Amino acid sequence: MDDKFMKYWLMKTEPNIFSWTDLEQKKIASWEGVRNYQARNYMRDQFQIGDKVLFYHSSCAEPGIAGIAKVVRGSYPDHTALDQNGEYFDLASQKSGQSRWVMVDLSPIKKFSRFASLTEIRQHASLQSMQLLRKGQRLSIQPVMEFEFAEIESTWG
DNA sequence: GCCAACGTTGGC
DNA sequence: GCCAACGTTGGC
C-alpha cells in the first residue's frame with residue numbers, strides 16, 4: 001500500500017461515550033477499545049505520529065465530523081483488554097497473557113467552523129469515493145484519501 | 001426500536 | 001475450511 005495515501009484517517013466515536021469536546025478537554029486521549037482486526041491492523045501497521053484524523057461522531061442524533069485531530073503516539077498494547085472488570089475486557093487476551101489489541105494517542109488540532117454532517121457529506125459530489133459513504137460500512141477506522149481530506153477541510157474546516 | 005450489513009464463533 | 005448462528009454497528 002502506498003503510504004502517501006495513508007496519512008489521513010477517519011475515526012468513529014460515539015459522542016455520548018467520547019466526544020470532540022472530551023478530546024479538547026483532555027488534550028491527549030488514548031484511543032482504547034477498538035476490537036476489530038482490520039481497524040487494529042491499520043493502527044498497528046500504518047499509523048504514524050503526525051497522521052491526521054477526521055473525528056467522526058456516530059450513533060447519535062447528528063452523525064458527522066466534528067474536527068481534525070492528529071496522532072501523537074503510535075500503536076501500543078491496549079491494556080484495557082486485560083481489565084477483567086472493564087468494559088473492554090477480552091478473554092482471549094487474558095488467556096494468552098498479553099493484549100491482542102492496540103491503541104494510539106490523539107490530540108485535537110482544530111474544531112470545524114461548521115459541523116460536517118453525514119447528510120452534507122453525502123451530498124458532496126467529490127466525496128462519493130469515501131469509504132464512509134459505502135453501504136454497510138461499519139469499520140471504525142478508515143483510511144481517507146488526501147484529496148478527500150483536503151476537500152473536507154476546505155469545506156467545513 | 002428496526003433492520004441491513006457485516007464480523008466472529010464454533011461445530012462439524 | 002465451511003457455514004449457520006449469533007452478536008454488533010450505526011443510520012434512520
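Every chain is numbered from 1, with letters handed out A, B, ... down the list of sequences. Owing to the predicted nature of the structure, the values given are computational and were not obtained by experimental measurement.
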Heavy-atom contact window of chain A on DNA chain C, given 5' to 3' at under 4.0 Å | C:dG7 to C:dC12

Taking only residues two or more places apart in sequence, or in another chain, which ones meet A:H124 in a side chain to side chain contact (heavy atoms under 4.5 Å, CB included)?
-> A:S126, A:L127, A:E151, A:T155, A:W156

Could you identify which residues of residues 123-140 of chain A place a heavy atom less than 4.0 Å from some atom of DNA chain B, listed by residue number, or say none?
-> A:K135, A:G136, A:R138

Give me the other members of the hydrophobic cluster that A:V72 sits in, counting Ile, Leu, Val, Met, Phe, Trp and Tyr linked by side-chain heavy atoms under 4.5 Å, directly or via other members.
-> A:I28

Under the side chain to side chain contact (heavy atoms under 4.5 Å, CB included) test, residues paired with A:T119 that sit two or more places apart | A:S117, A:Q123

Under the salt bridge (charged side-chain N to carboxylate O under 4.0 Å, His left out) test, residues paired with A:R122 that sit two or more places apart | none

Test side chain to side chain contact (heavy atoms under 4.5 Å, CB included) applied to A:Q137 - qualifying residues, sequence neighbours left out | A:Q131, A:R134, A:L139, A:Q142

Go through the structure and list residues passing side chain to side chain contact (heavy atoms under 4.5 Å, CB included) with A:E14, not counting sequence neighbours.
-> A:N16, A:I17, A:S58, A:S59

Any ring-ring contact (aromatic ring centres under 6.0 Å, His included) pairs touching residues 83-123 of chain A, not counting sequence neighbours?
-> A:Y37-A:W101

